[in-house]
Amino acid sequence: MSTAGLPFTVLAMCSLSCWYRALAAETTSIGKAVNVKWSSINGKTIIEWEPKPTNYTYTVEVAGEGANWKRKCIHITATECDVTDLLENVKDKYTARIISDVQDAEDFTEEFPYTDSPPFVPYEQTIIGKPVIDSYNFSKDDTKLTVIIKDPFTPYRFSNGSFKSIREIFNNDLKYTVFYRRASSTGKKQETSSSNEIVINVDQGESYCFYVQATIPSRSQNRDSQVSDEKCTTSNKNELDVTVLVAVIISVVLIVLIVIALSVMLCKRKRAKPDKASDNDML
C-alpha cells in the first residue's frame, strides 16, 4: 500500500467510527418521564406519567421516608404502575421514582435518567370513594329514620387475608353526613355522626329522600367524598295503614264465611230433628 494513501485511510476509518458512535448514541437516546402524578381511591394507588417510550422502557421504584427503594413494574412500556402493595404504612410519606432504562445497556454508559414524583401520604391524600347506603328503617312510632351506611373496602388486608374497610384505616376520623329532605320539599337538613348508623327525626306520615357523604375532618385537602346515590322512602304510616286495611278486610271475610258455615250447620240439624220424631211415631 502506498504511504501517500495512508492518511486518507486513517481519516476514513476515524470518520466511520465517529459516525457509528453517533448513530449508536442516537439509537439509545432515552427520554425522561414527565407529568408524574398519583391516582388513589380508597387506598388503591397508581402512579402515572408521560410520554410513551419509543426505544426504551420504564422501571418504577418507591420509597418511604428514610427507607430503601423498592422496585415495581420493571422494564415496562406502559405509563402507569399499581404500587398499592408498597404503601402498607398509610401514614408514611412516599416518593416514586420513574427510571427510563434499556434492557441491553451496552451502548449506554451513563446513569439512566429518572424523575421523582411529588410526595404522597395515603392517609392524607387517597380519595374516599362514593359511600353506599346499605339499608334504612323507621322506628315503631314512625318519628325516626335510621340510615345504615356500608364502609367501602380497601386493598389492604388483615393477617387472616380479609380486606380492611376504610373504617379500619381511619377509625373515628371517618365521619358520615346524611343530607335529607321531605320528598315534597327541596329544603335540606343534615345529620353527622362517627357511626355507620345515623338516626334522624322525621314527621309521621311523610316520605323522605336522602343521600350520604363521607368526610375526613383532619385533612386539609380531599376532605369530602363523592355523594352516594339518593334513596327515597315511602311513608311508613301509609304502608302501615294499607297493611291494617288489608288485615281488616281479610278478618271480615273470614268472619262472614264462619257465620255462613255455622248457619248452614244449624239449618241441617233443625231439619234432621223432625225426621227423627216422625220415625219414632211410626214405631
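- Residues passing the side chain to side chain donor-acceptor pair (under 3.5 Å) test with Asn201, sequence neighbours excluded: Lys144.
- For Asn196, the side chain to side chain donor-acceptor pair (under 3.5 Å) criterion is met by Asp151, Arg167, not counting sequence neighbours.
- For the pair Leu145 and Val199, the minimum side-chain heavy-atom distance is 4.5 Å or more.
- Lys130 pairs by the salt bridge (Lys or Arg N to Asp or Glu O under 4.0 Å) definition with Asp229, not counting sequence neighbours.
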Derivation of the side chain to side chain donor-acceptor pair (under 3.5 Å) call for Asp116 and Thr95 = CA-CA 7 Å; Asp116 286 344; Thr95 300; over 6 Å; no
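- Partners of Asp203 by salt bridge (Lys or Arg N to Asp or Glu O under 4.0 Å), not counting sequence neighbours, listed by chain and number: Arg182.
- Listed by chain and number, the residues in a ring pair (Phe, Tyr, Trp, His ring centres under 6.0 Å) with Phe179 are Tyr211 (sequence neighbours excluded).
- Thr57 is not listed as a side-chain neighbour of Val102, based on a closest heavy-atom distance of 4.5 Å or more.
- Contact annotation: the side chain of Val212 never approaches that of Val227 to less than 4.5 Å [non-hydrogen atoms, C-beta and beyond].
- Atom OG1 of Thr177 sits about 6.5 Å away from atom CD1 of Ile198, to the nearest 0.5 Å.
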ask   = Should Ser218 and Asp173 be marked as a side chain to side chain donor-acceptor pair (under 3.5 Å) after you check the CA-CA gap, both sets of side-chain angles, and the distance that decides it?
value = CA-CA 7 Å; Ser218 64; Asp173 201 12; 2.5 Å; yes
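- The shortest non-hydrogen separation linking Val60 to Ile47 is CG1-CG2, 4.2 Å.
- At least one side-chain heavy atom of Ile166 sits less than 4.5 Å from a side-chain heavy atom of Asn42.
- Nearest heavy-atom pair, Tyr94 versus Leu86, reported as atom, atom and distance to 0.1 Å: CE2-O, 3.4 Å.
- For Ser251, the side-chain contact (heavy atoms from CB on, under 4.5 Å) criterion is met by no residue, not counting sequence neighbours.
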Chi angles and distances behind the side chain to side chain contact (heavy atoms under 4.5 Å, CB included) call for Ser100, Phe112 = CA-CA 6 Å; Ser100 304; Phe112 289 128; 5.9 Å; no
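- Listed by chain and number, the residues in a side-chain contact (heavy atoms from CB on, under 4.5 Å) with Ile148 are Asp134, Ser135, Asn137, Thr146, Glu197 (sequence neighbours excluded).
- Note that CD1 of Ile169 and CD1 of Ile216 are 10.5 Å apart. Values are rounded to the nearest 0.5 Å.
- Between Phe163 and Thr154, every side-chain heavy-atom pair lies at or beyond the 4.5 Å cut-off.
- Between Arg223 and Pro217, some side-chain heavy-atom pair lies under the 4.5 Å cut-off.
- For the side-chain contact (heavy atoms from CB on, under 4.5 Å) test, residues two or more places apart in sequence or in another chain that qualify with Gln125 are Phe120, Val121, Gln221.
- With a 4.5 Å cut-off on side-chain heavy atoms, Ile99 and Tyr58 do not count as touching.
- Checked against a 6.0 Å centroid threshold, the rings of Phe138 and Tyr136 do not count as neighbours.
- The side chain to side chain donor-acceptor pair (under 3.5 Å) test applied to Asp224 returns Thr215, not counting sequence neighbours.
- Thr79 pairs by the side chain to side chain donor-acceptor pair (under 3.5 Å) definition with nothing, not counting sequence neighbours.
- Glu168 is listed as a side-chain neighbour of Phe158, based on a closest heavy-atom distance under 4.5 Å.
- Legend: residues meeting ring pair (Phe, Tyr, Trp, His ring centres under 6.0 Å) with Tyr156, ordered by chain and number and at least two apart, are absent.
- Legend: residues meeting side-chain contact (heavy atoms from CB on, under 4.5 Å) with Cys209, ordered by chain and number and at least two apart, are Arg181, Ala183, Glu230, Cys232.
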